[in-house]
Structures are given as structure tokens and as C-alpha cells.
Protein chains: 2
Amino acid sequence: MPQPAGQHTVRRHNCALVLDAIADSPGLSRAGVAARTGLTKATVSTLVDRLAAASLVREQGPQHRAGPGRRGTSLSLSPEGPHGLGVEIAVDHVATCLVDLTGEVRWSAVSPSANRAQPAGRVLTRVAKAVRTALGEAAARDVTVGGVGVAVPGLVEASTGLLRRAPNLGWRDVDVPAELRRRTGLEAEVLVGNEANLAALAELRAGGHDGLRDFVHVSGEIGIGAGIVLDGELYHGTRGFGGELGHFPVSSRGPLCSCGARGCLERLAGQDAILGRAGAADLPTLLDRLEDGDRKAAAAVRAAARPLGTALSSVLNLLDVPAVVLGGTYARLFPWLGEPLRAELTGRVLSAPWQPIGVLRSPLGTEAAVRGAATAAVHTIVADPDTFIADGVLP
Amino acid sequence: MPQPAGQHTVRRHNCALVLDAIADSPGLSRAGVAARTGLTKATVSTLVDRLAAASLVREQGPQHRAGPGRRGTSLSLSPEGPHGLGVEIAVDHVATCLVDLTGEVRWSAVSPSANRAQPAGRVLTRVAKAVRTALGEAAARDVTVGGVGVAVPGLVEASTGLLRRAPNLGWRDVDVPAELRRRTGLEAEVLVGNEANLAALAELRAGGHDGLRDFVHVSGEIGIGAGIVLDGELYHGTRGFGGELGHFPVSSRGPLCSCGARGCLERLAGQDAILGRAGAADLPTLLDRLEDGDRKAAAAVRAAARPLGTALSSVLNLLDVPAVVLGGTYARLFPWLGEPLRAELTGRVLSAPWQPIGVLRSPLGTEAAVRGAATAAVHTIVADPDTFIADGVLP
DNA sequence: GTCGATAAGTTCAGTCGCCAAACTATTGCG
DNA sequence: CGCAATAGTTTGGCGACTGAACTTATCGAC
């Protein structure tokens, strides 16, 4: 239901506006923020003081600039501010990390853990231990943890936070936040998200694709996961199940898939399909051969570009998104996959003739999902600092 | 760029909130609006007075209710308020209509016009004439025209309002609003949109699908157009080209399409494909045969459900949207198409097992697009009445 | 019929956040 | 040293919402 607005709403909005400006160009002065946001210097001063009191913003020495006039004090997101704690529950490991407000990773850890087909309770106990370690690390650095994000390989229902299905883990209807809170005594917010979606979020905030606010992130791993970013926000659909791309039907008579259909993208352009066609045992082998100029290997990668391009062109036509970011395995295959894919897309996307399509490589490695989870946690603070301050300081 | 907020922002927000509450349940009293929105009675009174002064809201006699206490005055959207003027430029006709704030059609007209492959200028002169007629009609009814919406069969660039491509008209890069304003001396806002997208918008606001805020609207006509509604808003993509579904690749070896690819949805599930497979010359013939229980005709419709289901399941998996609304030709074929399509979708959408998918029939006829255009025009007023009042009354 | 209970709507002082403008502080340059 | 330019603070005022008291209207019971 829509909420009524009052003066507090105004302050909330402007507080976020100011913090966003500072996050966007660190080193800005109060006057600079005022010029950029359209607020007056007086208002900016008040709001910056508030943000600094909550240690979200840090004042640094005076700016360096030529010409006359007093120097402004540089403002930037405080590295001592609240941190985000990211957790990834994967099939074969549990990863954790701490990021500061700027999105910088300040600490991270990975512990191997055979989670496939384990009871959820046992795995979550292990996860809780990893979380406690991370919390200890945060305490040692004397920073508070402002929020926790958990990336899981499955369908997460947005309204409840329930993990509805996780085929690779064999889980159903697990309330990850509640379980985790119960096992750790955690007080901060815990949010859960699909691993591929959170990886896309990491790409948005830390991928370095300057100004790119709309794209589809595709990460080829065992399956094919996708995350859709629209207008600088992760799109996750009515219930949170958005972005499923792996079972896109690209061929009416392809191999049978575990989902029951034929010709799913996953079966035709997934890692296993490429390895199989190239006759390589694993990814390192394939990469070695590609580096050596092996024709068969290159052909196998090019062959994957076709179904991938077919599926992605549909997505691009549907959503009118101007770019695709390739992550996971695809990022490593980028030198061989990028061009064929671009060609495929250019031929199929209706707006391509006058609006070229970006095919970009993800600079983030396999840690994209954890990072996305942690970033999502801090982002709730950065996106609405005033609420965070009001909730965290007064009561 | 994000805008700073001030008191005026608060009023704008709350003004819209109040009007929305009234639009949502006509007959509400000031006290009722207060209870519903969370604002105080005092605030609601002030805002309602403002809205009534601009004749957006009308006071009607006292409410009827049992029990003691003073009766409230019923409030509803004023039918004498500003109207929206909708225009549809189709291949073989130009349609216009006037709708009031409630979305009710108050007047409409269609004039046949062979627009295919005509120079844009000549067609627009004809369109301008139709618009002037509509403006005259509005003047005769003593209502102002608050905005004009134009539906066109092509790709419209959102940032500029330019019609980039209209294959069926043979147009390229036409500035419809400017041309129309020049030919009519119109002062109101003119917005342009893709015909399928606007039809989806009409479905949202006037389709009577109570509370449905997320769906994909598919209208089978000569081509196949789609409109995506997310969270009660039309989604049109980064540049406005979103919702293209006609060239979804559903078969690797289907018939060649004009777009250069093979197996496009349009070729496999479009009206012509169905008619061809049924051996019917036109739609009325097909419908007659279906009514008579003709097996071949029914089989032809069922055959179209497969590719349509394949494409739509991809869309539903990608966007996590819970419902599909069938319009245009598909609405008329609904009794024969609905069930097979539902079955197809239920089998392919990942969340279907625990979240049933709605397959709904559009109650709007071929006039959905004009209506959507007109509705879009009034909606800019209803969505932000305060700005409309400030812009329209003071200067 | 009158009175009390109940609900709708209005009035008014109070609060809060933003704004404009004046003011102080700092720096380079002639 | 004084002036111009820029950063940041102080202050009075304004607009929009709130809460509470007040007025208006209606029913039902005695």
C-alpha cells in the first residue's frame, strides 16, 4: 500500500540524495554536493552532519584546487562505517566476505563444504559458524555489521524470503534468514537472494562498467544463471523468481533436459555442452587448447554462441536492454565467445541496426555472488541512510 | 538526474495519493480517504478542496449508511474534468476517442484510411483532421483536453518520442508529436507509444482484471504484439522498444520470416498461420467453423498454442510474471486457445507447480490501443494531479 | 421531542525540514 | 594589505502535515 509523505519523507529522500552524490564522486565538498543535487548549502550541511554522526560519511583534509577561495573539505563514504556481510551457500563451498560502504571487499573467506544433498539444518549450522567467524572479524576491526546478504542457488520468494526450491542442494521451503538468526543470535537484517541475481548486482556496483544501468548478466556455470538489471536496479519479478534463462527453449529437437523439455539453453550452451563438443575433460584443459589455437576447441565455443545468441536476442528484444555482461565460465571464454555472440545478437535484435549492442566481459571472478550478497546488504543502508540512522541510533 | 525534495514534493505525493484512493473506490468520503491513506482528516480536506477546485474531483450528495453519525460527502473523479484524447494510426484506419478521468470512453470515431506505404506527411494531415474533430467534440461538451496519446504500429524511442521504424507503414524517424502539434496548433502534451504496449495499458486500467498488476498482454493481429505490465506500470525498456515478441525464435527450422530468421513466433502462431492450417479464408470463417465443432479448425488453433506457449513460458520464466492476457485475435479464439495454452505454460514455467498461472481473456476489442493511448494521456494527470494543477491554473 | 452517542468535517496552534540571504572563514592575487 | 572568490554557518521565514479541540449532522432511545 502506498504511504503518506511528510517532512520526514523529504529528509529521507534528500539524505539518500546527498549520500548518493558523495558515493558517486568521492572527495566532493559540501558546496559541490549542493551544486550537484540542487539542494542549498545550508541543507547539505545539516544532512552531511547527520551522516557523519552515524559514521557513514568521513571528512578528509581540504581539497586541492587552483585559483582563489577557501578550500572545501573532502567528503567520502566512511571505510569505518557499517559493513555488509555476504554469504554464499554453493554446492561445494561456503564463502563469506565483508565489504565496506564503498563496496570494497575488506575481508573474505571460503571453506569447502560438500553441501549437495545434505540436510539443510546441517549445512546451515556450518554456515552459521562461517558467519560467526565473519562477525568476529568485524568486531576485531571495530566495525559494525549493518546487514547480511545470503546468496543461494535456487528460487527465493521475495515476499517471504523463503528459499522455495534449490534443486542442486535438494532443499525445499527453507527459511534461511530465520535459521541463520536463530543459530547466530544475529540482530542485523538478513536478506536472501538468488545467486545469479546477486552476481548481476555485484556487476552493477563493482563491475566498473561505467554508467551502465541496464543489462543482462549471464553466468555460465554448471547451469546458466541470469540476472536482469533495469534502470540501476536488480529486477527480480513479482515473486522473486525472475531471471531464469537456463531453460530457454532454443531448439525444438535438442537433447532432453532434466526439466522435462527439449532443447533447453543449458543443454546446448552450458559448460558441459561446450566441453563435450570440444572433447576436453575440464575447463582448464579447454582454455589451454584455446590458447594454443586448437580449431576444434574454438569451434565448440563458437557453436555455443548460436543458441546463447538466440536466447539472449529474445531477452533483448523483450526488455530492450542495450548490453549483455558475460560472467562465470563465459567470462573466461570471452576472447573466443564474445565476437561470435555479438554477431549473433546484432543479426537478431531489432534495434541493433541503429543501436549497437554491448557485449561485455565481467571482471569479477567466481566471487561475484558473495560480493553481490554483501553489496546488497550495504546498499539497503546507502539507499536509505536516514532510516538506518533513525532505526540504529535512537531506539 | 535525481531531484531534491521539498514541501511541494510532499504535497504532490499526497495529492496523488488522495486522488488515487478516490479513483480506486469512488464514493469514498474525506474521512474514508483519510483512513485509507493514513493522512489526517485535516490534510485530506485541504487536498480534496484543491482537487475539486481544478474539477478533478466531484462532490456528490451524502453517503447512505446505517447507524448514527453525520453522513460523509461522496467523492469521485469528475466526469467534467480534463479528458484524454486517444489516437490510433493503424494500417487501414485512423481511430480517435475521448475518455474522461475514470477511463470511461465518452466519444469515439474511426475513419478508414489506407495508410500503408503512404508518405507520413499525407497520413498525418488526415490524422490532424481527425484530432481537430475530436477537439471540436470536446469543446462542444465543454471539457478541456488534458493530454493526447497516439498509438502507432512501430518502435517508438522513449527519450525523444520519435517513431523510429514502422515497417507496416513504411515510416522511419517521424516526429509524430511535433508534426501533429504543427498541424493542429495543439497545446496539450502529446505522447506516442507502441500500439501493443498501449493496448496492454488499456487492459491494465480498463480490463477489469481486478488487482492484476503484473501480466503480459499478447495481441495476435497481423503480427504478434506484446506489452509487459510490471507492478502496475507499463514496462517499455531503456529506449522504449520493449515488448517485442513476434520474432521470438520458437523453432530452429520453421518458415523463413521477413526479419531474416527462421521459426519466428509470428510465422507459427500468427493469425495467418492459424488460418492457413485451418484452411479458412478469414477470421469470421474460422470462428464459424470452430463454433460448429470443426475438428480441423480446432486442431489448427491448438497447434498455435504450442509455439505460443513456448515463447510465453520463456517470458514468464524470465520476468516471473503470474499471468498472460490474450487480446486481439487471440481473445476471440480464447475458448479454443485458452486451455491448451494454459497446459503448455503449466508444463514449462518453473514456478507453475506451486504458483498457478493465469491465462485471461481480454474483454476489450480492437479498440484497446486507442483506448490505451487516451488512458495514458489522462493517467499522466491522475498520477500527478498537483503538477497538472500548478501548470494548468497558475501560469 | 429532546438528549446523548457517533461520525464527518473544519479550525488553529505547533512542529519540522527546506530555502534565501546574510554572515563568517579561508585562500590567491595584485 | 585589500579585494575577489569560494566554503561553510547562522537565522528568520515559509509551507505542509499533525493533533486536538470544535462545529455540524444524524440516529436512536427514553
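We name chains A, B, ... by the order of the sequence lines, and we start the count at 1 in each one.
- Checking A/T43 against A/T46 by side-chain atom types alone, no donor-acceptor pair falls below 3.5 Å.
- Under 4.0 angstrom from either OP1 or OP2 of C/dG9 there lies at least one side-chain N or O belonging to B/S29.
- Listed by first and then second residue, the salt bridge (Lys or Arg N to Asp or Glu O under 4.0 Å) pairs that reach into residues 44-61 of chain A are A/R30-A/D49, A/R30-A/E59, A/R50-A/D386, sequence neighbours excluded.
- Side-chain atoms of B/Q7 come within donor-acceptor range of the base of D/dG15, with a qualifying N/O pair under 3.5 Å.
- Atoms CG (A/L47) and C1' (C/dC16) sit 13 Å apart, rounded to a whole Å.
- If you take CD of B/Q63 and C1' of C/dG9, they are 12 Å apart, rounded to a whole angstrom.
- Counting to the nearest Å, the C1' atom of D/dC17 and the CD atom of A/Q3 are 15 Å from each other.
- The two residues B/P322 and A/R239 have their closest heavy-atom pair at CB-NH1, 3.8 Å.
- Contacts between residues 10-24 of chain B and DNA chain D, defined by a heavy-atom separation under 4.0 Å, are made by B/V10, B/R11, B/N14.
- No donor-acceptor distance shorter than 3.5 angstrom exists from the side chain of B/R213 to the backbone of B/G211, with no hydrogens or angles considered.
- Environment of CD in B/E157: crowded, with over 12 heavy atoms of neighbouring residues, nucleotides or ligands closer than 6.0 Å.
- Other residues, nucleotides and ligands contribute only 12 or fewer heavy atoms inside 6.0 Å of the CG atom of A/D142.
- In terms of phosphate contacts, A/S45 brings a side-chain nitrogen or oxygen within less than 4.0 Å of OP1 or OP2 of D/dT9.
- At D/dG8, one or more side-chain N or O atoms of A/T73 fall inside 4.0 Å of OP1 or OP2 (strictly under the cut-off).
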- Query: Just by protein heavy atoms under 4.0 Å, how would nucleotides 18-30 of chain D read 5' to 3' in B, S and -?
  - Reply: BB----BBBS---

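- With rounding to whole Å, A/D49 atom CG is found 14 Å from C/dG17 atom P.
- Rounded to an integer number of Å, the gap from NE2 of B/H8 to P of C/dG17 is 17 Å.
- Regarding A/R30, its CZ atom lies at a distance of 14 Å from the C1' atom of C/dA25, rounded to whole Å.
- A/D231 CG to B/T238 OG1: the interatomic distance, rounded to the nearest 0.5 Å, is 8.0 Å.
- Residue contacts for A/T46: at a heavy-atom cut-off of 4.0 Å it reaches no nucleic acid atom on any strand shown.
- A/H64 places its NE2 atom 12 Å from the P atom of C/dT27, with the value rounded to the nearest Å.
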- Applying side chain to side chain contact (heavy atoms under 4.5 Å, CB included), run through B/L186 and B/L180 and close with a yes or a no. CA-CA 8 Å; B/L186 209 61; B/L180 226 49; 5.8 Å; no

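- The distance from the CG atom of A/L204 to the CG atom of A/L234 is 8.5 Å, given to the nearest 0.5 Å.
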